[in-house]
> 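Below is a structure I'd like to ask you about.
Below, all heavy atoms of this structure are taken into account, side chains as well, without hydrogens, waters or symmetry copies. Each chain gets a letter, A, B and so on, in the order the sequences are listed, and its residues count up from 1.
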Amino acid sequence: MAALLDHYFAMGGYAVYVWPAYAIAVAVLGGVAVQSWWRYRASVRALERVQRQLEPKP
Amino acid sequence: MISRLANPAQFMRVSGAVLPFLAGLAAVVLAVGLVWALVLAPPDYQQGESVRIMFIHVPAAWMALSVYLLMAVASAVALVWRHPLADVAAQAAAPIGAAFTFVCLATGSLWGRPMWGTWWVWDARLTSVLVLFFLYLGYIALVNAFDDASRGARAGALLAVVGVINLPIIKFSVDWWNTLHQPASVFRLGGPTIYISMLLPLLAMALGFALLFAALWLVRMRTALNERKLRALRLHRMAEPRSRPADAAPPGARPAVH
């Protein structure tokens, strides 16, 4: 099993090219996704806060 | 369809309903595509396992071009018809397009080293894609360079439209000039020359990237509209510090922002 996995991760000798390529794709696209989501959540919260302040006090 | 989504309130309603499905679908298709590309697809008979880089490099390149085209069309609509969502759409697409272009360049370099024997070569294909990357960055910088947001949007839109010239140069660079880069093997006259066992995972990854783009694009457009509304509300409050704005929503009818 371990030998099989070693063989797989070696990528026929191209491991140093294949894995960084996938790592870069995941890091860059994942980074954009996370940044987009955080900024979206922040905008939703800020808008809710301002709208609550605009409502008349009961 | 387009005209029904034309006003920002309608857009927020529809995009809010669509977004969870789009994001879920993107995650599923990307997971399937990754397993297919990294495990199930066969190694190439000449390139061996290094061909697996193709499954991210090529879809990233397709996205880099299509997102730019989308951004340029939205910019043209913004310039000609002053549509209220067009600038938002173009500006939301730019960082995602830049990310795909960067992924295309980086993975291409990592593929070029073992296959061509070099990380980089200043030939027409690689250089024109690098220019595309700088067009994205230039657009983002230009949009944010003005104190007056509408002037920034206008300048950026002009750059995006003019930059469209670069797209056919990228597409046909492999036919017009000598290059290390291989010619098209999927979108070509006479049909794809790539074998079906590699074409299918390639298309799965391409669909995954497209869905991911669509989801992120909607998220960023919604963020921009929220922030625009926030600025308007704050200005309003500054103008009338002691009284409730006359046109504010009545209590209990807070507009949906999710």
> Counting heavy-atom pairs under 4.5 Å with chain A, which one of B:S50, B:P43, B:A99 comes out on top?
B:S50
> So do B:L216 and A:W37 actually touch side chain to side chain, heavy atoms under 4.5 Å?
no
> For residues B:Q47 and A:Y14, report the shortest heavy-atom separation together with the two atoms involved.
O-CE1, 3.4 Å
> Taking atom CH2 as the centre, does B:W119 end up with more than 12 heavy-atom neighbours from other residues, nucleotides or ligands that are less than 6.0 angstrom away?
yes
> Would A:V32 and B:R220 count as a side-chain contact (heavy atoms from CB on, under 4.5 Å) here? Give the steps.
CA-CA 10 Å; A:V32 171; B:R220 296 189 78 94; 4.3 Å; yes
> Quick one, B:F100 with A:V28, criterion side-chain contact (heavy atoms from CB on, under 4.5 Å). Give me CA distance, side-chain angles, the key distance, then yes/no.
CA-CA 8 Å; B:F100 278 118; A:V28 171; over 6 Å; no
> Highest number of heavy-atom pairs under 4.5 Å with chain B: which of A:P20, A:A21, A:G12?
A:A21
> Give the minimum heavy-atom separation between B:N226 and A:S43, together with the two atoms involved.
ND2-OG, 3.1 Å
> For B:I56 and A:A25, which heavy atoms make the closest approach, and how far apart are they?
CD1-CB, 4.0 Å
> Taking side chain as everything from C-beta outward and backbone as N, CA, C, O, which of these in B:M221 sits under 4.5 Å from a heavy atom of chain A? Side chain, backbone, both or neither.
neither
> What is the distance from atom CD of A:Q51 to atom CG of B:L230, rounded to the nearest 0.5 Å?
8.5 Å
> Could you state the interatomic distance from CZ (B:R234) to CG (A:L47), rounded to the nearest 0.5 Å?
9.0 Å
> With a 6.0 Å cut-off (strictly less than), is the heavy-atom count around CZ of B:F213, excluding the residue itself, greater than 12?
yes
> What is the minimum heavy-atom distance between B:L110 and A:V16, and which atoms define it?
CD2-O, 4.3 Å
> Working note: B:L38 + A:W19, criterion side-chain contact (heavy atoms from CB on, under 4.5 Å); need CA distance, chi angles, decisive distance, verdict.
CA-CA 10 Å; B:L38 276 172; A:W19 295 118; 3.9 Å; yes
> Taking atom OH as the centre, does A:Y8 end up with more than 12 heavy-atom neighbours from other residues, nucleotides or ligands that are less than 6.0 angstrom away?
yes
> Which region of B:L212, side chain (C-beta onward) or backbone (N, CA, C, O), has a non-hydrogen atom less than 4.5 Å from a non-hydrogen atom of chain A, or is it both or neither?
side chain
> State the CD-CG distance between A:Q53 and B:L233, to the nearest 0.5 angstrom.
10.5 Å
> With chain A as the partner, which of B:I53, B:L30, B:L34, B:V51 has the greatest number of non-hydrogen pairs under 4.5 Å?
B:I53
> Using non-hydrogen atoms and a 4.5 Å limit, figure out which bit of A:Y17 sits close to chain B: side chain, backbone, both or neither.
both
> For B:R52 and A:Y22: C-alpha separation, side-chain torsions, deciding distance, then whether side-chain contact (heavy atoms from CB on, under 4.5 Å) applies.
CA-CA 9 Å; B:R52 298 193 192 282; A:Y22 278 81; 4.1 Å; yes
> Mind checking the CD-CZ spacing from B:E49 to A:F9? Nearest 0.5 Å is all I need.
12.5 Å
